[in-house]
Amino acid sequence: MSNKTWSGRFDEPVSELVKQYTGSIDFDKRLAQADIQGSLAHAQMLHEAGILSAQDLADIRRGMAEIQDDIASGSLQWSLDLEDVHMNIERRLTDKIGDAGKRLHTGRSRNDQVATDIRLWLRGEIDIIRNLIRDLQTALAELAQQHADAVMPGFTHLQVAQPVSFGHHMLAYVEMLGRDDERMADCRKRVNRMPLGAAALAGTTFPIQRETTAKLLDFEQICQNSLDAVSDRDFAIEFTAAASLLMIHLSRLSEELIVWMSPRFGFIDLADRFCTGSSIMPQKKNPDVPELVRGKSGRVIGHLTGLLVLMKSQPLAYNKDNQEDKEPLFDTVDTVRDTLRIYADMMRGVTVKRENMRAAVLQGFATATDLADYLVKRGLPFRDSHEVVARAVRHAEQQGCDLADLALATLQSFSDLIAEDVFAVLTPEGSLNARNHLGGTAPEQVRAQAARWLAALTE
Ligand code: ARG
């Protein structure tokens, strides 16, 4: 079966190797539904514009319905001889309905067709991804609500800094994912523009009605320049950039889960179904899922780089280079979808080991800043108070105890401004409760933020 769609001017068929090298059916068959949807809208517009007869339109609809059944039942055999999804479907259609199938491509080119298909497909995927982001946010916000008063060390430089609530830490990721969701929604606006009608590059001589097609396909806008419409893939790059940021956020959480699960920390445990054992070390329970998320973030960033370089320096208008947009885009979507799905399940199965977190807070002089603030509130300039506390910490370190374990008289030897009420600020709980303002880690604030998110997420 030679490719009669364009082979009329050639003396010899393409070589087997070139056919394989240039064909895209193995991967772009994934666009079949979008391709059929686009073709049906195009055919209806052609009919409304008086370019295609009612009979032809009816035949095209019937043929496409059969093709959809064939795809669903798996009886449609995709053929590399027909190069890509567009020509495979068109040929099946023509086999089924005759000449009407050959008229479908009037006023259209594969260049505007493929650009339309990818946008239709990606638009749907963005909607699925946004729902998955929100489900993960819900899982994290619920965890935050449950553990609003669980103290853990907050770190800077991975050194114990100040006590924070575990819930507060979870909500940091809810915020990041909230921005990821916003970016997806924003990017969708630019995905949701219709190239169809640009034809090969310059538009068409037929009296097409692009508004009609756009309405049928639920496109928000119509691409206003035919050369731009068929050639740019910036919308795919934008999506992959948003996906990369999302994966980077999840890679950060993954890194923390991995560290927290190591017996040295023992802050959390992941459910066994997200971990694997070692074939040689019987004691091991490895956090494979977060490790793979961390690894797969590299893969998505790689796709972003690939797409950027694919687009770079391409002259207008369409170039075959653009066929290379699909595999990275498909893999980005699959990776992000799988990752979000598994992550929400995994977070719903996390065990939070509150005692271990609290014990770690007590080992790192996490309330030193609280003592410094206490002295400032009693009139000592902050720089002096910093110095006083540093000496007290050094002493406690030598004694091998926490600041709160020092006797009042000992503490007073560093500053006579210290009184009995100092112990209230030296406990991790006192430290948390003291940060009771918008964005602070006090359990009251964390509960309010978790409630705000949960309400927004169920809207
Ligand atoms: N399979 C092609 C792609 O993905 C479809 C467009 C082909 N256009 C062309 N002029 N060869 O880009």
Side-chain angles (χ1 to χ4, degrees), residues 1-10 13-15 17-39 41-42 67 71 76 78-94 102 104-123 125 191 193-205 223 225-237 239-240 303 306-334:
M1 194 188 333
S2 81
N3 195 335
K4 294 272 168 40
T5 315
W6 47 253
S7 61
R9 77 176 296 286
F10 290 83
V14 293
S15 79
L17 197 57
V18 169
K19 196 164 77 186
Q20 281 174 19
Y21 195 75
T22 58
S24 54
I25 187 61
D26 284 349
F27 49 86
D28 68 12
K29 59 184 177 212
R30 187 164 176 173
L31 296 173
Q33 286 308 327
D35 195 68
I36 292 171
Q37 193 190 354
S39 288
H42 179 67
I67 290 174
I71 294 174
L76 194 146
W78 301 106
S79 156
L80 182 63
D81 288 307
L82 294 169
E83 201 176 314
D84 59 22
V85 66
H86 322 293
M87 292 201 284
N88 266 268
I89 290 179
E90 190 185 310
R91 174 68 65 86
R92 300 297 143 179
L93 185 68
T94 304
K102 298 185 193 164
L104 171 63
H105 211 52
T106 311
R108 179 176 85 165
S109 151
R110 269 188 300 155
N111 296 351
D112 59 344
Q113 186 178 356
V114 69
T116 303
D117 290 2
I118 307 170
R119 285 169 184 266
L120 281 174
W121 172 81
L122 186 56
R123 182 178 79 181
E125 294 297 330
V191 170
R193 293 176 187 173
M194 188 188 75
L196 207 59
L201 76 164
T204 171
T205 58
C223 300
N225 179 290
S226 62
L227 295 166
D228 174 44
V230 290
S231 62
D232 208 342
R233 296 291 183 267
D234 58 355
F235 65 92
I237 295 174
F239 165 78
T240 311
H303 292 326
L307 288 173
L308 284 166
V309 180
L310 169 68
M311 203 69 243
K312 182 188 171 296
S313 312
Q314 265 195 57
L316 300 188
Y318 175 84
N319 301 285
K320 188 80 166 186
D321 310 42
N322 283 340
Q323 182 166 290
E324 287 288 306
D325 64 353
K326 290 172 200 63
E327 287 162 293
L329 191 59
F330 293 165
D331 190 68
T332 298
V333 163
D334 290 341

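Order of appearance sets the numbers: ligands from 1, and atoms from 1 within every ligand.
Here the heavy atom of the protein found nearest to atom 8 (N) of ligand 1 is Asn111 OD1, 2.9 Å. Counting protein heavy atoms only, atom 6 (C) of ligand 1 is closest to Tyr318 OH, 3.5 Å. The nearest heavy-atom contact from the protein to atom 11 (N) of ligand 1 is Arg110 NH2, 3.5 Å.
Atoms of ligand 1 lying under 4.0 Å from at least one heavy atom of Ser24, given by number and element, are 1 (N). Atom numbering of ligand 1 starts at 1 in the shown order; those under 4.0 Å from a heavy atom of Gln323 are 1 (N), 2 (C), 3 (C), 4 (O), 12 (O).
The shortest side-chain heavy-atom distance between Asp112 and Tyr318 does not fall under the 4.5 Å cut-off.
A salt bridge links Arg30 with Asp334: the closest approach of a Lys/Arg side-chain nitrogen to an acidic carboxylate oxygen falls below 4.0 angstrom.
Heavy atoms of other residues, nucleotides or ligands lying less than 6.0 angstrom from NZ of Lys312 number 12 at most. For CD of Gln323, the number of neighbouring non-hydrogen atoms (other residues, nucleotides, ligands) closer than 6.0 Å is greater than 12.
At least one heavy atom of Lys326 sits under 4.0 Å from some atom of ligand 1.
Not a single N or O atom of Arg233, backbone or side chain, sits closer than 3.5 Å to an N or O atom of ligand 1. For ligand 1, the polar-atom distance check against Asp84 finds a nitrogen or oxygen pair separated by under 3.5 Å. Residue His86 places no N or O, backbone or side chain, under 3.5 Å from any N or O of ligand 1.
In this structure, CZ on Arg110 lies 11.5 Å from CG on Asp117, to the nearest 0.5 angstrom.
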